[in-house]
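See below for the structure under consideration.
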Amino acid sequence: MKAVGIVVEYNPFHNGHLYHVQQTRKKTNADCVIAVMSSSFTQRGEPAIVPKWERARMALAGGVDLVVELPYSFAVQTAERFAHGAVSILDALFCEQLCFGSEHGSIEPFIKTAQLLIYKKEQHNEKVKQYVRQGINYAKAYALALHDIGHDTLDVSQPNNILGLHYVKAMIEQRSNIKPETIQRIVAHYHDQTLPANQSIASATSIRRFLQSDHDDVARYVPHTTYDTLQTYRHTYTTWHDWEKYFPLLKYRLLTMNVDDIQQIAEVEEGIEYRLKKAIIHATSFHDFLLAVKTKRYTWTRLQRICTHILTNVTKKEMEKAHENKDATYVRPLAMNETGRAYLQAVKKQMALPLVTSVKQMRHDAIYHIEKKATQAYVSILPEPLWTEALQREYKTPPLR
């Protein structure tokens with residue numbers, strides 16, 4: 001069986017994702033589509049609108065054959081580490097190709113740019129540092145430095161392009177047998193805030209904004225199975241997961257921590273702990289809090305990730321321990337259909353990483369230690385007894401079939 005990998009968040013699964021799955025299968029002629037999916041929190045430092053189990057169910061209904069977890073220690077990270085973790089998992093699963101969506105739509109510039117970054121790594125890193133010292137945020141500094149060392153073909157200011165670049169770079173660095181492929185993103189842009197009136201594809205950002213404003217008329221933009229899953233979750237658990245719901249918990253954490261405690265949290269650097277302590281006293285919402293803390297060097301995304309690490313109490317030491325070997329340490333299936341199950345049966349004895357279906361198998365794993373904390377924080381906004389019931393899902397739920 002030929003397997004193709006995709007890296008996803010499905011926050012939530014929408015018609016654009018459905019198009020990606022369908023085009024991936026068509027373009028690669030794969031027998032099995034494997035999605036490695038962020039767990040409770042996303043790469044941009046946001047809580048997923050519904051838990052991983054619901055999102056995995058949406059994925060199966062949308063044509064994915066096997067969904068595996070991208071642990072928090074890779075998911076809530078820079079694009080480089082996010083990509084490295086995802087590629088290491090797909091490589092362990094013997095995927096022949098990785099197919100990602102991009103604004104560019106052609107694979108050659110990604111390969112050339114990735115090779116340039118590896119060949120001129122030290123030169124690029126020094127240029128980035130120079131721009132950052134000038135007060136330019138990291139994303140802009142990264143793009144400017146890339147231009148300085150000779151790159152002029154790939155627009156790395158686009159979010160899907162930059163992720164795709166890091167997927168290709170990770171494949172080269174890991175000497176993976178996976179071959180990269182890309183599909184051009186259509187209609188909606190990643191950061192679009194509004195739902196298009198005459199289209200059936202919208203960005204996940206705009207869909208979440210609409211749902212969080214207590215409107216649920218998103219049926220045009222998502223498969224009916226996604227719509228049904230969203231409605232069932234909202235009816236059962238009474239809420240969506242978004243930062244404003246977690247803000248009281250974040251505020252409590254920051255008010256009861258001293259600056260030395262905050263400084264130990266992952267990604268906290270350069271004195272940002274003082275700005276966090278000062279701003280939290282007066283902030284009445286998460287949005288206002290980030291506006292007060294944001295600077296040119298500290299982007300909204302970077303601050304969201306820091307806040308997520310504070311909420312989950314993930315420290316620098318814990319993250320360093322989790323990444324001692326750089327790659328993932330296990331493969332955890334979340335959901336599979338019969339094709340996915342047959343594929344796992346065929347490859348599991350040859351896999352370099354353990355295939356785990358019970359958290360008891362991971363009780364001493366540093367990556368899962370962080371994952372467990374993330375799950376505990378994620379479900380904490382639910383009322384009892386739903387809080388405890390949701391927490392137990394992490395320990396008792398087998399892969400969905």
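Heads up: numbering here begins at 1 and tracks the sequence.
- The shortest distance between side-chain heavy atoms of Ile178 and Tyr167 does not fall below 4.5 Å.
- Proximity of a side-chain donor or acceptor of Asp155 to a complementary backbone N or O of His104 within less than 3.5 Å is not detected.
- Side-chain contact check for Thr312 versus Ser40: every heavy-atom pair is 4.5 Å or farther apart.
- Checked for salt-bridge contact, Glu126 and Arg133 meet the test: a charged N lies under 4.0 Å from a carboxylate O.
- A donor and an acceptor atom, one from each side chain of Ser106 and Glu108, are located under 3.5 Å apart.
- One finds a salt bridge joining Glu338 and Arg341 here, because a Lys/Arg side-chain nitrogen approaches an Asp/Glu carboxylate oxygen to under 4.0 Å.
- What you find for Asn160 and Ser102 is that their closest heavy atoms are CB-CA, 3.8 Å.
- Of the possible polar contacts, one joining the Glu384 side chain to the Thr388 backbone as a donor-acceptor pair under 3.5 Å is found.
- Between Arg253 and Asp261 there is no salt bridge, since none of the side-chain N atoms of the basic residue sits less than 4.0 Å from a carboxylate O of the acidic one.
- Between His14 and His17, the two ring planes are parallel [angle under 30°; tilted spans 30° to 60°].
- Within the model, atoms CE of Met351 and CG of Leu93 stand 4.5 Å from one another, a figure rounded to the nearest 0.5 Å.
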Run the salt bridge (charged side-chain N to carboxylate O under 4.0 Å, His left out) check on Arg25 and Asp65 step by step: do they pass?
-> CA-CA 11 Å; Arg25 195 182 293 276; Asp65 298 303; 3.0 Å; yes
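- Using a 4.0 Å cut-off between charged side-chain N and carboxylate O, Glu173 and Lys169 make a salt bridge.
- Of the N and O atoms on the side chains of Thr299 and Asn137, not one donor lies less than 3.5 Å from an acceptor on the other residue.
- With respect to Glu394 and Lys372, no salt bridge is recorded, no charged nitrogen being found less than 4.0 Å from a carboxylate O.
- Within a 6.0 Å radius of CD in Glu122, other residues, nucleotides and ligands contribute 12 heavy atoms or fewer.
- The shortest side-chain heavy-atom distance between Ile34 and Cys32 falls under the 4.5 Å cut-off.
- A salt bridge links Glu318 with Lys373: the closest approach of a Lys/Arg side-chain nitrogen to an acidic carboxylate oxygen falls below 4.0 angstrom.
- For the pair Val4 and Glu181, the minimum side-chain heavy-atom distance is 4.5 Å or more.
- Contact check on Arg275 versus Glu270 returns no salt bridge, with no Lys/Arg side-chain nitrogen under 4.0 Å from an Asp/Glu carboxylate oxygen.
- Between Phe247 and Phe289, the ring-plane angle classifies as tilted under the 30° and 60° cut-offs.
- More than 12 non-hydrogen atoms from other residues, nucleotides or ligands lie less than 6.0 angstrom from NZ of Lys27.
- A cation-pi arrangement is present between Arg302 and Tyr298, with the terminal nitrogen or guanidinium carbon under 6.0 Å from the aromatic centre and inside a 45° cone about the axis.
- Side-chain polar atoms of Asp365 and Thr329 form a donor-acceptor pair below 3.5 angstrom.
- Residue-environment remark: NZ (Lys278) stays at or below the threshold of 12 foreign heavy atoms within 6.0 Å.
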Determine, step by step, whether Tyr274 and Lys277 satisfy the side-chain contact (heavy atoms from CB on, under 4.5 Å) criterion, reporting the C-alpha distance in whole Å, the side-chain angles of both residues, the deciding distance to 0.1 Å, and the verdict.
-> CA-CA 5 Å; Tyr274 294 97; Lys277 283 291 284 186; 5.9 Å; no
Walk me through it: do Val50 and Tyr237 pass the test side-chain contact (heavy atoms from CB on, under 4.5 Å)?
-> CA-CA 10 Å; Val50 293; Tyr237 291 94; over 6 Å; no
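- A donor-acceptor contact closer than 3.5 angstrom is absent between the side chains of His287 and Glu244.
- One finds the CZ atom of Phe100 at 4.5 Å from the CZ atom of Phe110 (value rounded to the nearest 0.5 Å).
- Residue-environment remark: NZ (Lys251) exceeds the threshold of 12 foreign heavy atoms within 6.0 Å.
- Within a 6.0 Å radius of NZ in Lys245, more than 12 heavy atoms belonging to other residues, nucleotides or ligands are found.
- Atom-to-atom distance recorded for Thr229:OG1 and His224:NE2 is 10.0 Å, nearest 0.5 angstrom.
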Would you check, one step at a time, whether the test side-chain contact (heavy atoms from CB on, under 4.5 Å) holds for His20 with Arg185?
-> CA-CA 8 Å; His20 177 219; Arg185 189 181 179 100; over 6 Å; no
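- Here the straight-line distance linking atom CD of Glu9 with atom OG1 of Thr42 works out to 4.5 Å at 0.5 Å rounding.
- Tyr72 pairs in a ring-ring contact (aromatic ring centres under 6.0 Å, His included) with only one of the listed residues (His309, His323, His369), which is His309.
- Crowding of Tyr395 atom OH: a count of heavy atoms from other residues, nucleotides or ligands under 6.0 Å exceeding 12.
- What you find for Leu66 and Met336 is that their closest heavy atoms are CD1-CB, 3.9 Å.
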Met362 and Glu371: side-chain contact (heavy atoms from CB on, under 4.5 Å), yes or no, with the steps?
-> CA-CA 10 Å; Met362 302 178 287; Glu371 187 62 40; over 6 Å; no
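- Residue Arg44 holds its CZ atom at 11.5 Å from OG1 of Thr308, rounded to the nearest 0.5 Å.
- Classification of Glu54 and Arg393 as a salt-bridged pair holds, one side-chain N sitting under 4.0 Å from a carboxylate O.
- Using the six-membered ring where Trp is involved, His124 and Tyr142 have ring planes that are perpendicular, over 60° apart on the 30 and 60° scheme.
- Ser38 contributes atom OG, which lies 11.0 Å from atom CD of Glu46 (distance to the nearest 0.5 angstrom).
- Tyr233 and His241 have tilted rings, their planes meeting at an angle from 30° to 60° on a 0 to 90° scale.
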